[in-house]
Amino acid sequence: MNYREFGKTGEKISALGFGCMRFPEYKEGEQMFVDQDKVDEMIAYAYENGVNYFDTAPGYCNQHSEAALGRAVKNFRDKILLSTKCPMDKGMGREGYRRRLEHSLEQLGTDHVDFYHFWGINRGVFDDLILGEGLLEEAAKAKAEGLIRHISFSFHDHPSAIQHIADTAEARGIPMESMLCQYNLLDRSNEEMMKYVHDKGLGTVAMGPVGGGRLAAPTDLYAKLTGKPSISTYELAFKFCLGNPSLCCALSGMQTLDMVQKNVKVASDDTAFSAGEWEQLGKAMEEIRKFSELYCTGCKYCQPCTVGIDIPRIFEMWTYYNVYGLKDHAKNMWKDYVRRGGKTFDDCIGCEACESKCPQHLEIIKNLEMVCNTLKG
Ligand code: SF4
Ligand code: SF4
């Protein structure tokens, strides 16, 4: 396993992190349960092969992920870094933060969390809740008491908000210590800000190296660039993430032991991309995307939609599904989007406010219907 300095946290983190949002589950009656035996086997294999970062959250796997992870790591808890997240609700206040933290500690069966994230924040949540309701100070208090070791955030917003969050927290004297954000070879929008915070000393973790499906053209491209045989999609996706020197750890939501074994193998491999190969691959990905009949550039001119539909996000899923052929990945993105309360074509009122603003002249309404129906099917 390869390891990296985790910003200035003083920790060494494995290049592969274990995302605990897709543990194997089974149904009994109307309820879903985590298959603990399989989880134990997967987590033990990852640990024995050098993975030391395990990331969960209260809502994952029908609220069962934290407890399942806690049970799976109980024999080596002190040898690993446990990460979980604090759900953000307006009006939760400092007591709400504390209650959520104590609940997670209980679920995980531990007396401290190594990285405790303000979960899925944007600029508004940071300003109104984290600053406005004193949550940053409450996090500092929990850290002083030893309940959490590092203050972190996970992020869903326009990349420019990352700088605001990191700089403002630092100016308050309670700096963020690590950041978890979306980043993979198909979505590089956070790349510049990852470098910004990494240069400042934050640890960086990326969620969503791409799995499943087959990126035929790019994997062949890899062969052309390196003169080596073509590689699998998951290997390409990992190598791309890990080729970024501003990234400390690539998180993968692993569902099976086979996936764990494959990912461990890639993250233990020493043959990284050269800087030149890495650049060329990134450019080639953008070229492929331009051939799509639904080429949304993600410019967001169509936003805000009257009812709050995240049109560029949904079209992004279509690119994964249709252009790159990553159907399972796109469907997982869709499920996550809907689970977070994301609006879909079902909410569209046909006001046409979006179409006149699109520089690509996309028939947004028609395409939105087609994409949403495909992804939910
Ligand atoms: S037509 Fe539909 S998608 Fe476009 S702005 Fe109106 S509600 Fe939103
Ligand atoms: S305006 Fe058009 S190209 Fe830009 S994000 Fe919206 S749909 Fe995509």
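Remember, it's 1-based here, ligands and their atoms both numbered in the order they're listed. Here the structure is a predicted model, which is why all the values come from computation and not from measurement.
The contact set between ligand 2 and Lys300, taken as ligand atoms under 4.0 Å from a residue heavy atom, comprises 4 (Fe), 5 (S). Against a heavy-atom cut-off of under 4.0 Å, Gln360 is close to the following atoms of ligand 2: 3 (S). The atoms of ligand 2 that sit less than 4.0 Å from any heavy atom of Pro312 are 5 (S). Per-residue contacts place Ile365 under 4.0 angstrom from the following atoms of ligand 1 (heavy atoms of the residue considered): 1 (S). Remark: ligand 1 atoms within the under-4.0 Å shell around heavy atoms of Thr306 are 5 (S), 6 (Fe), 8 (Fe). Close approach of ligand 2 to Pro359 (heavy-atom distance below 4.0 Å) involves ligand atoms 1 (S).
At a 4.0 Å heavy-atom cut-off, ligand 1 does not touch Ile364 at all.
Residue contacts with ligand 2 do not include Cys354, since none of its heavy atoms lies under 4.0 Å from the ligand.
The existence of a salt bridge linking Lys143 and Glu177 is confirmed by a sub-4.0 Å separation between a basic side-chain nitrogen and an acidic carboxylate oxygen. A salt bridge links Glu145 with Lys141: the distance from a Lys NZ or Arg NE/NH1/NH2 to an Asp or Glu carboxylate oxygen falls below 4.0 Å. Between Lys262 and Asp258 there is a salt bridge, since at least one side-chain N of the basic residue sits less than 4.0 Å from a carboxylate O of the acidic one. The existence of a salt bridge linking Asp336 and Arg340 is excluded, since no basic side-chain nitrogen approaches an acidic carboxylate oxygen closer than 4.0 Å.
Among Cys302, Cys299, Cys296, Cys305, the residue whose heavy atom lies nearest to atom 6 (Fe) of ligand 2 is Cys302.
With a cut-off of 2.8 Å, atom 4 (Fe) of ligand 2 has no N, O or S atom of Cys358 in range.
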- Intermediate values then yes/no, ring-ring contact (aromatic ring centres under 6.0 Å, His included), Phe6 and Phe115: CA-CA 11 Å; Phe6 199 24; Phe115 291 87; 5.0 Å; yes
- Item | Test ring-ring contact (aromatic ring centres under 6.0 Å, His included) applied to Tyr116 and Tyr97, step by step | CA-CA 11 Å; Tyr116 195 49; Tyr97 178 93; 5.5 Å; yes
- Steps toward ring-ring contact (aromatic ring centres under 6.0 Å, His included) verdict (Phe315, Trp318): CA-CA 5 Å; Phe315 287 173; Trp318 181 247; 9.0 Å; no
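Among all non-hydrogen protein atoms, the one lying nearest atom 7 (S) of ligand 1 is Ile349 N, 3.5 Å. Scanning the protein for heavy atoms near atom 1 (S) of ligand 1, the closest one is Glu352 N, 3.3 Å. Shortest contact from atom 2 (Fe) of ligand 1 to any protein heavy atom: Cys348 SG, 2.4 Å.
Surrounding OH of Tyr301 are at most 12 heavy atoms belonging to other residues, nucleotides or ligands under 6.0 Å away.
With hydrogens and angles disregarded, no donor-acceptor distance shorter than 3.5 Å links the side chain of Asn244 to the backbone of Cys241.
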